[in-house]
Amino acid sequence: MSLAIEQAEYEQRTAALGAALAERGLAGAVLFDPAYVLYYVGFAFVPTERPMAFVLTSDGEGGMLVPRLEREHAQANALVREVADYPEYPSETHPMESLRKLLGTMKLDGTRLGSDHDGYPWILGYRGPSLTELTGTAPEKITALVEDKLAVKSPAEIALIRESAKWGNLAHTLLQRYTRPGLTEVEVSQRATNEATLAMLDAIGPIYRAQNPFFEGASAGYRGQIGRNAAIPHALTANITFQRGDVLVTGASAPVWGYLSELERTMVIGEPSPEQREMFDHMVALQDMALEAIKPGVRCADVDRAVRAYYEEHRLWDSWKHHVGHCIGLRYHEGPFLDIGDETEIKPGMVFTVEPGLYAAGLGGFRHSDTVAVTTEGIELLTYYPRDLESLTLPA
């Protein structure tokens, strides 16, 4: 048994990209984004100042440029014919010269190319020439083409996201079980994360790979969204001590062969106040409205419009801070977005987080997030943690 994407699916992806390049009159493409590389050739790596690139010809031949320290890693895992390497960055000869040689080996020098970036992005101190400077011709930007492919998941991809949701659910169960006044967010989050990860490895360890540079297993935590800080949607962990009356906003996930889900819940320590109950009920109503609005053929913007109508009707705009949700898969955030500015048509196979929230300074934040897959009929909820206030009220 295997959880991994089958090689045949990778071959279909590269063949489809090659055909799309040919239709545009492009001889090949160079992709630098780690998620794109993982999507097309199954090679997960940690992006650093050392450039790495996937090169594809329009007839489907693939190659990788990697630093010497990644050569064996790429040879064992990247589904390409050619792996070229360079000694180090910056080294005596810049790594982009090795990319130029790889393009020549693959008969792409002097041709029209597509790319996600005009050269390796300037990250972690990297500096180097653009593809335009390297080849003498500006590449055609094909980011939208690739993003459109990532947005519609195959059944195998959805199965991995579903598996991710299972272990995120366990991590969240443990997080809720261990949260008590007097404890700190880090000790509780770490305990839940460690125990969930160990349980996952006991269950599926021989066929499990995270394939993610930032997550090693199932995890759950608060990221500082505790008490008044819960009103800050993207707060950072501050090792806050839990107290009676705190509103808590959680997050749980697990990378499974690179694919992620998102589970978030709002919890309260002790008997909720009337103001907390009111905001919680509005939040659940907002999410219900969004879930009902997501259907094949509907525009992403229309989902946000439906939710915005509820904010308007109940005079909740002072508590609004963000759109309804986003796609998810190999990256924690992907497009398209459930936002009034995104007119993308929702299609079967898209996987969204659904997370409209309410935020009140001095009271806290109220946000559930569920991961849903769009089907031909509507949606399938991939996350399934309880959503009602009674289930999410913790003993004080």
Side-chain angles (χ1 to χ4, degrees), residues 161-205 208 210 214-231 233 235-256 260-273 276-277 279-281 283-284 287 332 353-355 357 363-371 381-396:
I161 297 172
R162 187 181 292 111
E163 188 73 16
S164 168
K166 177 194 304 182
W167 299 109
N169 190 88
L170 173 62
H172 198 290
T173 298
L174 297 173
L175 184 79
Q176 179 170 349
R177 181 179 300 166
Y178 298 146
T179 298
R180 293 292 183 273
L183 300 179
T184 66
E185 63 168 315
V186 172
E187 61 183 311
V188 171
S189 299
Q190 198 64 52
R191 182 181 179 186
T193 293
N194 288 347
E195 290 187 16
T197 296
L198 291 173
M200 180 180 68
L201 294 178
D202 279 343
I204 61 170
Y208 174 75
F214 307 111
F215 298 93
E216 296 179 346
S219 64
Y222 294 99
R223 208 185 61 236
Q225 298 173 102
I226 298 165
R228 293 182 178 182
N229 275 13
L236 297 176
T237 300
N239 200 27
I240 299 169
T241 299
F242 299 111
Q243 300 179 46
R244 180 187 183 94
D246 279 346
V247 176
L248 314 173
V249 179
T250 68
S253 188
V256 179
L260 296 162
S261 59
E262 181 175 285
L263 167 65
E264 295 176 345
R265 287 294 181 265
T266 299
M267 304 194 297
V268 180
I269 299 179
E271 181 65 24
S273 68
Q276 290 170 340
R277 286 184 179 278
M279 291 291 273
F280 188 99
D281 290 345
M283 178 269 294
V284 171
Q287 195 191 32
Y332 211 55
T353 69
V354 184
E355 49 180 315
L363 182 64
F366 298 79
R367 183 180 72 251
H368 287 352
S369 181
D370 283 284
T371 302
L381 274 165
L382 302 181
T383 45
Y384 45 87
Y385 205 81
R387 299 169 62 235
D388 61 288
L389 184 54
E390 181 180 1
S391 297
L392 297 169
T393 300
L394 308 185

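This one's a predicted model, so the numbers in the text were calculated from it and none came from an experiment.
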Response to the item:
Taken in chain and number order and not counting sequence neighbours, the residues that satisfy side chain to side chain donor-acceptor pair (under 3.5 Å) with Asp388 are Ser391
Discussion item. Checking Glu195 now: which residues fulfil side chain to side chain donor-acceptor pair (under 3.5 Å) with it, not counting sequence neighbours?
Written reply: Tyr178, Arg191
Worksheet item: When you measure from the side chain of Gln276 to the backbone N and O of Val268, does any donor-acceptor pair fall under 3.5 Å?
Response: no
Fill in: Check: Arg177 main-chain N/O paired with Arg180 side-chain donor or acceptor under 3.5 Å
yes
Discussion item. Show the nearest heavy-atom pair for residues Pro255 and Gly217, with the distance to one decimal.
Written reply: CD-O, 3.3 Å
Worksheet item: How close do Leu175 and Ala192 get, heavy atom to heavy atom, and via which atoms?
Response: N-CB, 3.5 Å
Below 3.5 Å, can you tabulate the donor-acceptor pairs from side chains in residues 239-248 to any protein atom, sequence neighbours excluded?
| unit_1 | atom_1 | unit_2 | atom_2 | d |
| --- | --- | --- | --- | --- |
| Asn239 | OD1 | Thr184 | OG1 | 2.9 |
| Asn239 | OD1 | Val186 | N | 3.3 |
| Asp246 | OD2 | Gln243 | N | 2.8 |

With a 4.5 Å heavy-atom cut-off, do [X] and [Y] have their side chains touching?
X      : Y      : result
Glu262 : Thr383 : no
Met283 : His368 : yes
Ile269 : Pro181 : yes
Pro272 : Phe280 : no

Worksheet entry | Presence of salt bridge, Arg223 and Glu264, under 4.0 angstrom | no
Can [X] and [Y] be counted as having a side-chain donor-acceptor contact under 3.5 angstrom?
X      : Y      : value
Ser253 : Tyr332 : no
Ser261 : Ser164 : yes
Arg265 : Gln176 : no

